Amino acid sequence: MARNIGSRYKAHQILGRGSAGTVWLGEGPEGPVAIKLLREDLASDQELVGRFVRERTALLGLDHPHVVSVRDLVVDGNDLALVMDLVRGTDLRTRLDRERRLAPEAAVAIIADIADGLAAAHAAGVVHRDVKPENILLDMEGPLGPGGAHPALLTDFGVAKLIDTPGRTKATRIIGTPDYLAPEIVEGLPPRAAVDIYALATVLYELLAGFTPFGGGHPGAVLRRHVTETVVPLPGIPEELWQLIVQCLAKAPASRLRASELGARLRDVLPLLAGIPPLDVDEPDAEPATDASDEDLYPTGAGAAEGSPRRAAVPLVPGASPDSNRDTHTSMRVPAPDELSGGPLGTARAPRAAGARRPGSARHKAETVRKRRITLSVAAVVVAGALAAGGYLASAGDAEAPPQDSKTSSQP
């Protein structure tokens, strides 16, 4: 059923649902549009509405062929909406679900498009903060590029920033999607342009391999790997491309390329990728989330996906439902340094027996202290028992020994 959005737009049908709201196919004065209607409880938050209005100029001024432009921001009663260009196509996650991995030439062409879009956004002072396949749209009506890739556009600029208001999230919480979070965000630092480069390199790795470099298992384990582990090499791609991926996945933000540099260098390696088929690599086993302590450190809430060993789908905002049939944002406590220290940088994940506690976890530390206390208690009891027994035997020997005369005692 159609509904009016402000005085200029009309929403006709739902295109998709997300944790922050619903995307509608709409109509405006200049033709078809996509309308992202935020949830009513968000629209009733006056602080968020004020932030929404303040971000209007920055979002409306972002104009680039590889960015889904925001045409208007509507604040009308209970309606809080972003009116955006309508892209006739699908998102990158849908294509990945269908093909699992892409040929390197097509994958690099798509990521180069998004890098160009990010370069324009960063130049305007806008950080996306949630780069992932769900937010990359493929324009099926655009001309085909290298490897048969459709033009790629980045959408949902500003949504994570709008939601992440001081009154809605605490300084010790993380907003983002675990598989694509840069290490500095996990460590509680403010998001800068480099976090988008890290996330984009993660998406490129996923397009090539079919899985993300640090994903799998409980979100807490994923966050820890971002900080402590190095990326596993991908065989079958030119060394020039691999070095770009490694540099953009560097733990130090200053070591990563800028978006404009990444886009240019990716296009430089495109001729080396012609004709290379999709890679044939095995996905690593996911780490089982058996520790109850991880649930306490990284709560997933009622919206967590069930039966998925790869990632946990958790709402961006408490009380929201996760995106339909796909992963969404998560909000988790920033782990302390000792909680992140899973060993020296680059160490491999060692398997552990079923039921065994992960070294360094709160449960593991508690059990270690408890075992030490038991050991000391048992040792104290044994020592006390030995002393008591020795005293008893000594006294008993004195009492029961027969008296000896001088002759007996002098005999050998």
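As the structure is a computational prediction, the values presented were derived from the model and not from experiment.
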Asker: Any non-hydrogen side-chain atom of L102 less than 4.5 Å from a side-chain atom of I110?
Answerer: yes

Asker: Describe, in one word, how the ring planes of F211 and Y205 are oriented to each other, choosing from parallel (under 30°), tilted (30 to 60°) and perpendicular (over 60°).
Answerer: perpendicular

Asker: State whether the side chain of R225 and the backbone N or O of G216 hold a donor-acceptor pair below 3.5 Å, judged by distance alone.
Answerer: yes

Asker: Between E134 and R93, does any NZ, NE, NH1 or NH2 come within less than 4.0 Å of an OD or OE carboxylate oxygen?
Answerer: yes

Asker: Between the side chains of T94 and D97, does any donor sit under 3.5 Å from an acceptor?
Answerer: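 No pair is found: no donor N or O on one side chain lies under 3.5 Å from an acceptor on the other.
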
Asker: Got a sec: does the CZ of R101 have more than 12 other heavy atoms crowding it under 6.0 Å?
Answerer: yes

Asker: Between I276 and I237, does a side-chain contact (heavy atoms from CB on, under 4.5 Å) hold up when you go through it step by step?
Answerer: CA-CA 8 Å; I276 298 180; I237 60 175; 5.8 Å; no

Asker: Stepwise, does the side-chain contact (heavy atoms from CB on, under 4.5 Å) test hold for I197 with R258?
Answerer: CA-CA 7 Å; I197 302 302; R258 295 181 179 179; over 6 Å; no

Asker: Please check: side-chain N/O of R256 versus main-chain N/O of A194, any donor-acceptor pairing under 3.5 Å?
Answerer: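 Side chain of R256 to backbone of A194: a pair is present.
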
Asker: Determine which pairs satisfy side chain to side chain donor-acceptor pair (under 3.5 Å) with at least one residue from residues 117-126, sequence neighbours left out, and list them in order.
Answerer: H122-D196

Asker: May I ask you to test the L153-D139 pair for a side-chain heavy-atom distance under 4.5 Å?
Answerer: yes

Asker: Considering the options V108, D113, L262, which one meets the side-chain contact (heavy atoms from CB on, under 4.5 Å) requirement together with R267?
Answerer: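 The side-chain contact (heavy atoms from CB on, under 4.5 Å) with R267 is passed solely by D113 among V108, D113, L262.
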
Asker: Would you find a donor on one side and an acceptor on the other, under 3.5 Å apart, between the side chain of R8 and the backbone of D72?
Answerer: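 Here the side-chain-to-backbone pair does not exist.
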
Asker: Working to the nearest 0.5 Å, report the span between CG of N135 and OG1 of T177.
Answerer: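 Answer rounded to 0.5 Å: 7.5 Å.
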
Asker: When rounded to the nearest 0.5 angstrom, what distance separates CD1 in I136 from CD1 in I114?
Answerer: 4.5 Å

Asker: Are the side chain of H128 and the backbone N or O of V195 linked by a donor-acceptor pair below 3.5 Å?
Answerer: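 No, the answer is negative, given that no donor and acceptor are paired below the 3.5 Å cut-off.
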
Asker: When L241 is tested against each of D268, L234, L208 for side-chain contact (heavy atoms from CB on, under 4.5 Å), which residue passes?
Answerer: L208

Asker: Does E30 have more than 12 heavy atoms from other residues, nucleotides or ligands lying within 6.0 Å of its CD?
Answerer: no

Asker: For F214 and L181, run side-chain contact (heavy atoms from CB on, under 4.5 Å): C-alpha distance rounded to whole Å, both residues' side-chain angles, the deciding distance at 0.1 Å, then the answer.
Answerer: CA-CA 10 Å; F214 302 111; L181 280 177; over 6 Å; no

Asker: Report yes or no: does R95 contribute a side-chain atom to a donor-acceptor pair with the main-chain N or O of T90 at less than 3.5 Å?
Answerer: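 Side chain of R95 to backbone of T90: no pair is present.
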
Asker: If I take atom CG from residue L223 and atom CD from residue E187, how far apart are they, to the nearest 0.5 angstrom?
Answerer: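 Atom-to-atom, L223:CG and E187:CD are 11.0 Å apart.
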
Asker: Does D156 come within less than 4.0 Å of K36, counting only side-chain N to carboxylate O?
Answerer: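 Answer for the salt bridge query: yes.
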
Asker: Are any of the side-chain heavy atoms of W24 and R3 separated by less than 4.5 Å?
Answerer: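 Yes, their side chains come closer than 4.5 Å.
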
Asker: For H226 and P178, indicate whether the former's side chain and the latter's backbone hold a donor-acceptor pair under 3.5 Å.
Answerer: yes

Asker: Between R265 and Q247, does the side-chain contact (heavy atoms from CB on, under 4.5 Å) criterion hold? Intermediate values first, please.
Answerer: CA-CA 12 Å; R265 292 181 61 177; Q247 185 172 359; 3.7 Å; yes

